There are 2 protein chains.
Amino acid sequence: MYTISEIAKVVDISAHTLRYYEKEGIIDPIRNESGIRQFDEQHVQWLKFVKKLRETQMPVSQIKEYTRLFLEGEHTASARFRLIEDHQQYIRDQIDILLTTDEMLTKKVATYKELMQKSLS
Amino acid sequence: MYTISEIAKVVDISAHTLRYYEKEGIIDPIRNESGIRQFDEQHVQWLKFVKKLRETQMPVSQIKEYTRLFLEGEHTASARFRLIEDHQQYIRDQIDILLTTDEMLTKKVATYKELMQKSLS
DNA sequence: AGTTGACTTAGAGTGCACTCAAACGTCTAC
DNA sequence: GTAGACGTTTGAGTGCACTCTAAGTCAACT
């Protein structure tokens, strides 16, 4: 069992943000007698998944929606499937853009190197 | 020569955003006698470059800085070079994250397909 | 018993990147 | 020459995702 600041370290998401995620319905820790949030291994796994989605720009609103569907049960599988597939498409488009830009910048870098070489001679 | 809405179409950046970029010093179109902005081929090239930087999450503030250095002249080449190199590193890190997440989602998708297959039988 | 530090809440504030509104000027076609 | 489509400006508004504040509770240590 983890407190909020413990799990914050483990998953590398600030306690602040975790409370915000709870308010948004993305995570639902249990509470002990004194109201302190308690997180377990399941929460860790879930948050690591959420983190990957956020790192790849899935909006919080969509993660919310995915969570809602997940909690609703197995009959929402196809809707969740669609969300995931759409996001995977987004990721692949994003990779394309990044690769193209990387190439462009490599050329720029080469130009700069030439320029700086010349200015030395 | 292009008006703001013409170049907006060409580079696919809204006229609103182009005015905002001008205010931020990222672009500096000339004006005709009646104060209308006039953009040329150079502006098109520059904006296409800027767009790639934005699409790959370079902050507007850094694009501003890059522009400022560029306008300052050749002696800022090494500073610009560093900005570009840093951004290229960011892009490569981002590609890594996207690839890892893509893999993870592919596994998820497979699980969902199984699940949905079973629910049919 | 007092201090420290982590936890709690509701709600306000922040920073970014647009995005829009309002009021007005200008160009083109009929 | 006037309608309407486009242009201009300043300044305010929006949406997102945090991020912080204030005021308080609670447990553990000295």
Side-chain angles (χ1 to χ4, degrees), chain A residues 1-40 43 46-68 83 87 90 94 97 101, chain B residues 1-40 43 46-68 83 87 90 94 97 101:
Chain A
M1 283 297 196
Y2 306 88
T3 64
I4 198 162
S5 60
E6 282 163 3
I7 201 173
K9 261 183 212 156
V10 173
V11 299
D12 196 29
I13 299 174
S14 79
H16 267 316
T17 300
L18 291 173
R19 289 194 197 98
Y20 162 69
Y21 283 176
E22 185 184 7
K23 205 177 59 188
E24 295 297 317
I26 287 169
I27 194 152
D28 192 22
I30 51 171
R31 306 294 186 111
N32 69 11
E33 327 73 46
S34 42
I36 306 284
R37 292 170 183 83
Q38 307 277 174
F39 298 86
D40 63 19
H43 291 120
W46 177 250
L47 284 171
K48 282 184 175 171
F49 176 62
V50 168
K51 203 186 177 199
K52 282 259 171 276
L53 296 180
R54 284 295 304 123
E55 278 177 349
T56 56
Q57 287 83 57
M58 186 187 270
V60 168
S61 61
Q62 262 174 56
I63 300 179
K64 250 165 99 164
E65 173 69 0
Y66 185 83
T67 308
R68 199 184 61 71
L83 268 177
H87 188 56
Y90 168 82
Q94 199 57 31
I97 291 171
T101 307
Chain B
M1 283 297 195
Y2 306 88
T3 64
I4 198 161
S5 60
E6 281 163 2
I7 201 173
K9 259 182 213 158
V10 173
V11 298
D12 196 30
I13 299 175
S14 79
H16 269 314
T17 300
L18 290 173
R19 290 196 195 98
Y20 162 70
Y21 283 175
E22 184 183 9
K23 204 178 61 190
E24 295 297 316
I26 287 169
I27 194 151
D28 192 23
I30 51 170
R31 306 292 186 115
N32 68 11
E33 328 72 47
S34 41
I36 306 281
R37 292 170 182 84
Q38 308 276 176
F39 299 86
D40 62 20
H43 291 120
W46 176 251
L47 284 171
K48 281 184 176 172
F49 176 61
V50 168
K51 204 188 176 197
K52 282 260 171 274
L53 296 179
R54 283 297 300 124
E55 279 177 348
T56 56
Q57 287 83 56
M58 185 186 270
V60 167
S61 61
Q62 263 175 54
I63 299 178
K64 251 166 98 164
E65 174 69 359
Y66 184 84
T67 308
R68 199 185 60 73
L83 268 178
H87 187 57
Y90 167 82
Q94 198 59 29
I97 292 171
T101 307

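Here the structure is a predicted model, which means the values were calculated and not measured. Within every chain, numbering begins at 1; the chains are lettered A, B, ... in the order of the sequence lines, protein sequences first and strands thereafter.
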Find the distance between [atom1] ([X]) and [atom2] ([Y]) and round it off to the nearest 0.5 Å.
X	Y	atom1	atom2	result
L47(B)	Y21(B)	CG	OH	8.5 Å
K51(A)	I13(A)	NZ	CD1	6.0 Å
H43(A)	I30(A)	NE2	CD1	7.0 Å
M58(A)	T101(B)	CE	OG1	10.5 Å
I26(A)	W46(A)	CD1	CH2	8.5 Å
I7(B)	D40(B)	CD1	CG	7.5 Å

When the nearest nucleotide of DNA chain D is assigned to K23(B) and to T3(B) on a heavy-atom basis, which residue is associated with the more 5' position?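 Looking at DNA chain D, the more 5' nearest nucleotide goes with T3(B).
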[X] [atom1] to [N] [atom2]: how many Å, rounded?
X	N	atom1	atom2	value
E24(B)	dC18(C)	CD	P	10 Å
I36(A)	dA6(C)	CD1	P	12 Å
K51(A)	dC18(D)	NZ	C1'	15 Å
R19(A)	dA12(C)	CZ	P	18 Å
Y2(A)	dA6(C)	OH	P	19 Å
L18(A)	dC18(D)	CG	C1'	12 Å

Residues touching DNA chain D, which here means a heavy atom under 4.0 Å, drawn from residues 52-66 of chain B: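 Result for residues 52-66 of chain B: none.
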I need the residues from residues 4-16 of chain B with at least one non-hydrogen atom less than 4.0 Å from DNA chain D; give them sorted by number, or say none.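 Per residue number, the list reads I4(B), S5(B).
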Expected output: side-chain E6(B) to main-chain T3(B) donor-acceptor under 3.5 Å: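 Yes; at least one donor-acceptor contact below 3.5 Å.
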Which residue pairs satisfy the salt bridge (charged side-chain N to carboxylate O under 4.0 Å, His left out) criterion with at least one member in residues 21-30 of chain A, sequence neighbours excluded?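 As it turns out, the salt bridge (charged side-chain N to carboxylate O under 4.0 Å, His left out) pairs with a partner in residues 21-30 of chain A, which skip direct neighbours, are E22(A)-R31(A), E22(A)-R37(A), E24(A)-K64(A).
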Kindly say if [X] contacts the phosphate of [N], meaning a side-chain N or O under 4.0 Å from OP1 or OP2.
X	N	answer
R37(B)	dT9(D)	yes
Y21(A)	dA17(D)	no
R31(B)	dT26(C)	no
T17(A)	dC18(D)	no

Please compare E22(A) and N32(B) by the position of their nearest nucleotide in DNA chain C and report the one closer to 5'.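 Looking at DNA chain C, the more 5' nearest nucleotide goes with E22(A).
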Closest approach of S14(A) and A8(A), non-hydrogen atoms and distance?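 Looks like C-CB, 4.2 Å.
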Any N/O pairs under 3.5 Å between the protein and nucleotides 22-24 of chain C? List them or say none.
none

Starting at the 5' end of nucleotides 23-29 of chain D, put B wherever the base has a protein heavy atom under 4.0 Å, S where only the sugar-phosphate does, and a dash everywhere else. -------
Does the side chain of T56(B) reach to within under 4.5 Å of the side chain of Q94(B), using non-hydrogen atoms?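 No. Closest side-chain heavy atoms not under 4.5 Å.
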pair F39(A)-I27(A): side-chain heavy atoms closer than 4.5 Å: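 In contact.
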Would you call the rings of H87(A) and Y90(A) parallel, tilted or perpendicular if under 30° counts as parallel and over 60° as perpendicular?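 Because their plane-to-plane angle is under 30°, the rings of H87(A) and Y90(A) count as parallel.
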Got a sec, which residues hit side chain to side chain contact (heavy atoms under 4.5 Å, CB included) with N32(B), two or more places apart in sequence or on another chain?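 Listed in chain order: S34(B), I36(B), Q38(B).
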